[in-house]
Amino acid sequence: GQQVMQIPQYQHVQEGEDFTTYCNSSTTLSNIQWYKQRPGGHPVFLIQLVKSGEVKKQKRLTFQFGEAKKNSSLHITATQTTDVGTYFCAGIGWEYGNKLVFGAGTILRVKS
Amino acid sequence: SAVISQKPSRDICQRGTSLTIQCQVDSQVTMMFWYRQQPGQSLTLIATANQGSEATYESGFVIDKFPISRPNLTFSTLTVSNMSPEDSSIYLCSVEDYGEKGGYTFGSGTRLTVV
């Protein structure tokens with residue numbers, strides 16, 4: 001079954017609204033990564049979080065890694081139409097054979 | 001980060017035939033990864049391709065169905081054999097980026113439709 005859970009599956013927001021997607025692993029991770037896949041495109045690496053409680057920002061995007069290194073979130077402030085796509089979290093952990101395991105993804109649609 | 005050239009970008013194939021997908025990386029890498037992304041789904045790892053040894057397959061994937069070649073440190077192929085409509089998916093190769101930022105780079109994907 002899915003080892004890295006991600007919610008929500010789908011979110012449709014008005015341009016300018018905020019958006020958050022959450023990721024939860026059944027086991028402790030050594031790191032968690034976030035990817036964006038535009039419609040018809042391939043996954044593009046956004047960021048990697050390694051440390052417990054780590055927070056990183058990229059312009060309007062804020063990424064967090066939980067204290068227990070089992071959960072993570074991506075928050076987008078004031079969404080724009082260019083944010084449209086599917087956001088995947090992907091974790092690496094010893095119990096996953098140190099391989100990248102992807103969450104189900106959150107599809108973001110933005111109404112202008 | 002690495003740059004990957006993947007081809008073909010898409011193909012429509014008859015059931016029972018085979019398709020070979022190629023990935024060329026602009027730098028030498030120890031491992032290359034092959035993923036499948038079924039329509040509307042997430043990415044599932046098929047196998048890890050190491051140069052000079054047999055690929056390592058994940059549960060649910062077998063060498064007879066998805067033979068992989070890794071002749072050198074910059075190139076790999078994945079063949080989808082004896083295709084059925086259930087094999088219709090996007091297939092992607094990937095390599096790890098060992099730079100400061102980390103993460104993995106993906107090829108542009110091969111969109112396969114089996115009819």
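So you know, we letter chains A, B, ... as the sequences are listed, proteins then strands, and number each from 1. Just the heavy atoms: all of them, side chains too, but no hydrogens, waters or symmetry mates, feed the values below.
- In this structure, B/I63 places its CD1 atom where more than 12 heavy-atom neighbours from other residues, nucleotides or ligands lie under 6.0 Å away.
- Residues from residues 32-45 of chain A that place a non-hydrogen atom less than 4.5 Å from a non-hydrogen atom of chain B comprise A/Q33, A/Y35, A/Q37, A/G40, A/H42, A/P43, A/F45, given in numerical order.
- When the heavy atoms of residues 64-97 of chain A are compared with those of chain B, the residues falling under 4.5 Å are A/F88, A/I92, listed by number.
- Using modelled atom types, no side-chain atom of B/R70 and backbone atom of B/A55 make a donor-acceptor pair closer than 3.5 Å.
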Any chance you could lay out the side chain to side chain contact (heavy atoms under 4.5 Å, CB included) test for B/S81 and B/D64, step after step, and finish with the verdict?
-> CA-CA 7 Å; B/S81 302; B/D64 289 347; over 6 Å; no
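- Between A/E15 and A/E17, the closest side-chain pair of non-hydrogen atoms is not below 4.5 Å.
- A donor and an acceptor atom, one from each side chain of B/T77 and B/S69, are located under 3.5 Å apart.
- The environment of A/Q9 atom CD is sparse: at most 12 non-hydrogen atoms of other residues, nucleotides or ligands sit within 6.0 angstrom.
- Side-chain heavy atoms closer than 4.5 Å link hydrophobic residues (I, L, V, M, F, W, Y) into clusters, and following such links, possibly through other members, connects A/L29 to A/I47.
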Criterion side chain to side chain contact (heavy atoms under 4.5 Å, CB included) on A/V13 and A/K111, from CA distance to verdict = CA-CA 6 Å; A/V13 301; A/K111 286 185 292 188; over 6 Å; no
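- Contacts from residues 15-40 of chain B to chain A, taken as heavy-atom pairs separated by less than 4.5 Å, involve B/Y35, B/Q37 in sequence order.
- Under the 3.5 Å distance criterion, the side-chain polar atoms of B/N72 are matched with a main-chain donor or acceptor of B/T74.
- Linking Ile, Leu, Val, Met, Phe, Trp and Tyr residues whenever their side-chain heavy atoms come within less than 4.5 Å places A/L61 and A/V110 in a single cluster.
- Looking at heavy atoms from C-beta onward, B/L78 lies in side-chain contact with B/F66 at the 4.5 angstrom threshold.
- Side-chain atoms of A/T106 come within 3.5 Å of backbone N or O of A/P8 as a donor-acceptor pair.
- A/T27 has its side chain out of reach of A/Q3: every pair of non-hydrogen atoms, C-beta onward, lies at least 4.5 Å apart.
- With contacts defined as side-chain heavy-atom distances shorter than 4.5 Å, the pair B/L45/A/F102 does not qualify.
- Put simply, the side chain of B/I4 reaches to within 4.5 Å of the side chain of B/C93, judged on heavy atoms.
- Counting only distance, with no hydrogens or angles, the side chain of A/K99 and the backbone of B/E58 share no donor-acceptor pair below 3.5 Å.
- Contacts of residues 95-115 of chain B with chain A at a heavy-atom distance below 4.5 Å involve B/K101, B/G102, B/G103, B/Y104, B/F106, B/G107, B/S108, B/R111, listed in sequence order.
- With respect to chain A, the highest number of heavy-atom pairs below 4.5 Å among B/L43, B/I90, B/T44 belongs to B/L43.
- In this structure, B/K65 contributes its side chain and B/T79 its backbone to no donor-acceptor pair below 3.5 Å.
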